[in-house]
A.B. asks: 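Could you have a look at this structure, given as structure tokens, before my questions?
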Amino acid sequence: MAGLTLYTNPMSRGRIARWMLEEVGADYTTEVLGYGGTMKADAYLAINPMGKVPAIVHDGRTVTECAAICAYLADAFPNAGLAPAADERANYYRWMFFAAGPLEQAITNRSLGVTPTDDQQRMVGYGDYDRVVSVLEAAVSAHPYIAGERFTAADVYVGSHVMWGAQFGTLPKLDAFMAYIGRLADRPAHKRASELDDAAMAEMQAAG
């Protein structure tokens, strides 16, 4: 398929979308946007009114939000085999959107110093941080990959959260997390994506 553009910044969640694009083997062009500049300009706000990256535009169709991008690309490029069969998608959807909802909310709130009280825990989708970590630990321990025995688009999304959490200290370096990271980090597509984003980051820093 032609006409696929990634809008990103190498210091953002755009790295998740880049990894997914490399996994599916798509031909795509890249538009690197700057925070507070081109990311908030009218041209990009017409694509994503949130003024956030990443976004992709594929043959005139816009997709934002990393989990949605991963799921969309898995379906748009079925030959990559990154979406399970319909009768095998329960864990695929469950854990992808667990990461997009409870996991990200719990990590964000903890990073901002927000700790829900016992009463507030009934109101927030994740309950409390420790429970989220425990549930995630059990999930990555149950199978080699988050949805089962094989790598899927859900591993791109969930795995990115676990990798960053371990790297930046927002998740503990539990044995289960480190083993899961080890199964993902050596994937050729992940290495290619990291090299492309690292090069883009170096270019941005050199430009000042």
A.B. asks: For a 4.5 angstrom cut-off between non-hydrogen side-chain atoms, does Ile47 reach Val57?
C.D. replies: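 The answer is yes, as the side chains (C-beta and beyond) meet within the 4.5 Å cut-off.
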A.B. asks: Kindly give the heavy-atom pair with the smallest separation between Ala17 and Ile69, and that separation in Å.
C.D. replies: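 That closest heavy-atom pairing would be CB-CG2, 4.1 Å.
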A.B. asks: Suppose we screen for ring pair (Phe, Tyr, Trp, His ring centres under 6.0 Å). Which residues come up paired with Tyr44, at least two apart in sequence or across chains?
C.D. replies: Tyr7
A.B. asks: If you compare all heavy atoms of Ala74 against all heavy atoms of Ala83, which two are closest, and at what distance to 0.1 Å?
C.D. replies: CB-CB, 3.9 Å
A.B. asks: Identify the two heavy atoms, one from Ala76 and one from His58, that lie closest to each other, and give their separation to 0.1 Å.
C.D. replies: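 Looking at all heavy atoms of both residues, the closest pair is CB-CE1, 4.2 Å.
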A.B. asks: Do Phe77 and Leu4 touch side chain to side chain, with heavy atoms closer than 4.5 Å?
C.D. replies: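 With C-beta onward as the side chain, the pair touches.
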A.B. asks: Would Phe98 end up clustered with Trp164 when hydrophobic side chains under 4.5 Å apart are linked, directly or stepwise?
C.D. replies: yes
A.B. asks: Quick one: side chains of residues 32-39, donor-acceptor pairs under 3.5 Å with protein atoms, not counting sequence neighbours, listed by atom name and distance.
C.D. replies:
residue	atom	partner	partner atom	Å
Tyr35	OH	Met11	O	2.8
Thr38	OG1	Gly34	N	2.8

A.B. asks: Could I get the full list of side-chain hydrogen bond (donor to acceptor under 3.5 Å, both in side chains) partners for Arg94, not counting sequence neighbours?
C.D. replies: none
A.B. asks: For Leu184 and Phe151: C-alpha separation, side-chain torsions, deciding distance, then whether side chain to side chain contact (heavy atoms under 4.5 Å, CB included) applies.
C.D. replies: CA-CA 9 Å; Leu184 304 180; Phe151 180 89; 3.7 Å; yes
A.B. asks: Pair up each side-chain donor or acceptor in residues 152-163 with any protein partner under 3.5 Å, not counting sequence neighbours, and list the distances.
C.D. replies:
residue	atom	partner	partner atom	Å
Thr152	OG1	Ala154	N	3.2
Asp155	OD1	Ile146	N	2.9
Asp155	OD1	Tyr180	OH	2.6
Asp155	OD2	Thr152	N	3.0
Tyr157	OH	His161	NE2	3.2
Ser160	OG	Val156	O	2.7

A.B. asks: Would you sort out whether Thr115 and Arg110 count as a side chain to side chain contact (heavy atoms under 4.5 Å, CB included), showing the intermediate values?
C.D. replies: CA-CA 6 Å; Thr115 303; Arg110 185 178 178 88; over 6 Å; no
A.B. asks: I'd like to check the side-chain hydrogen bond (donor to acceptor under 3.5 Å, both in side chains) partners of Tyr129; sequence neighbours left out, ordered by chain and number.
C.D. replies: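 Listed in chain order: nothing, the list is empty.
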A.B. asks: Which pairs, with at least one residue in residues 6-19 and sequence neighbours excluded, count as a salt bridge (charged side-chain N to carboxylate O under 4.0 Å, His left out)?
C.D. replies: Arg13-Glu104, Arg15-Asp198, Arg18-Asp197
A.B. asks: Mind checking the OG1-CD1 spacing from Thr64 to Ile56? Nearest 0.5 Å is all I need.
C.D. replies: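 The distance works out to 9.5 Å.
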A.B. asks: Side chain to side chain contact (heavy atoms under 4.5 Å, CB included) between Asp186 and Lys191: does it pass, once the steps are laid out?
C.D. replies: CA-CA 7 Å; Asp186 286 337; Lys191 290 182 176 180; 3.7 Å; yes
A.B. asks: From Leu6 CG over to Glu22 CD, what is the distance, rounded to the nearest 0.5 angstrom?
C.D. replies: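 It is 10.0 Å, given to the nearest 0.5 Å.
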A.B. asks: Listing request: all salt bridge (charged side-chain N to carboxylate O under 4.0 Å, His left out) pairs with a residue in residues 128-150, at least two apart in sequence or in separate chains.
C.D. replies: none
A.B. asks: Measuring from Thr30:OG1 to Leu196:CG, what's the distance to the nearest 0.5 Å?
C.D. replies: 7.5 Å
A.B. asks: Could you pull out all donor-acceptor pairs under 3.5 Å where a side-chain atom in residues 168-178 meets a protein atom, sequence neighbours excluded?
C.D. replies:
none

A.B. asks: Linking I/L/V/M/F/W/Y whenever their side-chain heavy atoms sit closer than 4.5 Å, directly or via other members, would Met20 and Val53 fall into one cluster?
C.D. replies: no
A.B. asks: According to the salt bridge (charged side-chain N to carboxylate O under 4.0 Å, His left out) rule, which pairs have a member within residues 65-77, sequence neighbours left out?
C.D. replies: Asp75-Arg89
A.B. asks: Write out all pairs satisfying salt bridge (charged side-chain N to carboxylate O under 4.0 Å, His left out) with one or both partners inside residues 33-53, taking only residues at least two apart or from two chains.
C.D. replies: none
A.B. asks: Parallel under 30°, tilted from 30 to 60°, perpendicular over 60°: which one fits the rings of Phe97 and Tyr93?
C.D. replies: parallel
A.B. asks: Residues in ring pair (Phe, Tyr, Trp, His ring centres under 6.0 Å) with Tyr92, at least two apart?
C.D. replies: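 For Tyr92 there are no ring pair (Phe, Tyr, Trp, His ring centres under 6.0 Å) partners, ignoring immediate neighbours.
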A.B. asks: To check you understand the geometry: which heavy-atom pair defines the closest contact between Val132 and Ala106, and what is its length?
C.D. replies: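 Of all heavy-atom pairs spanning Val132 and Ala106, the closest is CG2-CB, 4.0 Å.
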A.B. asks: Below 4.5 Å, heavy atoms only, C-beta onward: do Pro10 and Met204 meet side chain to side chain?
C.D. replies: yes
A.B. asks: Quick check: do Asn91 and His143 have side-chain heavy atoms less than 4.5 Å from each other?
C.D. replies: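 The answer is yes; the side chains approach within 4.5 Å.
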A.B. asks: Which residue pairs pass the ring-ring contact (aromatic ring centres under 6.0 Å, His included) test with at least one member in residues 12-32, sequence neighbours excluded?
C.D. replies: Trp19-His190
A.B. asks: I need the single residue from Thr108, Ile107, Asn109 that forms a side-chain contact (heavy atoms from CB on, under 4.5 Å) with Tyr126. Which is it?
C.D. replies: Asn109
